[in-house]
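FYI, side chains are in, hydrogens and waters are out, and symmetry mates aren't considered; it's all heavy atoms of this structure. Position 1 is the first residue of the sequence, and the numbers go up from there.
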Amino acid sequence: MEKIASFTVDHLRLLPGVYVSRQDQLGAETVTTFDLRMTRPNFEPVMNTAEVHALEHLGATFLRNHPVWKDRIIYFGPMGCRTGFYLLVAGDETPAGILPLLRETFRFIRDFTGEIPGAAAQDCGNYLDMNLPMARYHAARYLEVLEKAAPETLRYPE
């Protein structure tokens with residue numbers, strides 16, 4: 001089998017940032033998949049499942065309720081390697097163009113207090129595996145990356 005595109009990215013040179021992982025055509029519509037890389041692969045510890053799960057619930061809830069973007073959000077969820085998330089949006093989008101939305105999203109997570117949306121037995125298959133303080137920590141850390149976005153954090157290493 002052919003190696004899929006995401007496995008051809010040099011993960012030894014990949015920095016935390018926002019990258020276009022792929023763009024797909026579904027009829028007349030373009031779907032852009034963003035790689036939201038929150039930790040440096042193979043150099044930093046990965047995020048634990050509890051904080052990843054909390055980030056997923058908060059991020060998905062915020063994005064799917066966003067007044068401008070909600071109808072264009074297709075998916076927000078974690079990478080299996082636990083170094084970041086994938087965000088799929090309808091449209092031909094760029095990392096620079098999505099930065100304002102991501103900054104809003106991760107500010108929301110960083111500042112969130114209270115009950116995590118969907119963190120109840122009737123709403124989630126693993127509702128006890130949540131860590132809000134660590135989710136907030138990772139959101140704050142990633143927000144620093146988003147605030148200082150530079151070419152090397154918006155384009156995959158060549």
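- The hydrophobic clustering, which links ILVMFWY residues whose side-chain heavy atoms are closer than 4.5 Å, places Leu63 and Phe108 together.
- For His138 and Tyr142, the ring centers are positioned 6.0 Å apart or more.
- In this structure, Val20 and Pro95 approach most closely via the heavy-atom pair CG2-CD, 3.5 Å.
- No side-chain donor-acceptor contact under 3.5 Å links Arg64 to the backbone of Trp69.
- A salt bridge links Glu147 with Arg107: the distance from a Lys NZ or Arg NE/NH1/NH2 to an Asp or Glu carboxylate oxygen falls below 4.0 Å.
- Formation of a donor-acceptor pair under 3.5 Å by the Glu44 side chain with backbone atoms of Arg40 is found in this model.
- The backbone N or O of Ala150 lies less than 3.5 Å from a partner atom in the side chain of Thr153, making a donor-acceptor pair.
- At least one donor-acceptor pair under 3.5 Å links the side chain of His57 to the backbone N or O of Pro117.
- Side-chain contact, Arg37 with Thr83: a donor N or O sits under 3.5 Å from an acceptor N or O.
- In this structure, the side chain of Arg110 does not engage the main chain of Arg136 through any donor-acceptor pair within 3.5 Å.
- Checked by atom type and distance alone, the side chain of His53 pairs as donor or acceptor with a backbone atom of Asp129 at under 3.5 Å.
- Proximity of Phe85 to Val52: side-chain heavy atoms (C-beta onward) are separated by under 4.5 Å at one or more points.
- Arg72 contributes a side-chain N or O that, together with a main-chain N or O of Ala90, makes up a donor-acceptor pair within less than 3.5 Å.
- Between Tyr86 and Tyr75, the ring centre distance reaches or exceeds 6.0 Å.
- One side chain, Gln25 or Thr30, offers a donor N or O that lies under 3.5 Å from an acceptor on the other.
- By the neighbour-count criterion of 12 heavy atoms within 6.0 Å, atom CD of Glu158 is sparsely surrounded, having that number or fewer from other residues, nucleotides or ligands.
- Atom CD of Glu115 sits in a sparse spot, with 12 or fewer heavy atoms from other residues, nucleotides or ligands closer than 6.0 Å.
- No donor-acceptor pair under 3.5 Å is formed between the side chain of Thr32 and the backbone N or O of Val89.
- Within a 6.0 Å sphere centred on CZ of Arg22, other residues, nucleotides and ligands contribute 12 heavy atoms or fewer.
- Taking the six-membered ring for Trp and thresholds of 30 and 60 degrees, Tyr19 and Tyr156 have nearly parallel ring planes, at less than 30 degrees apart.
- Panel note: side chain Asp123, backbone Ala119; no donor-acceptor pair is recorded below 3.5 Å.
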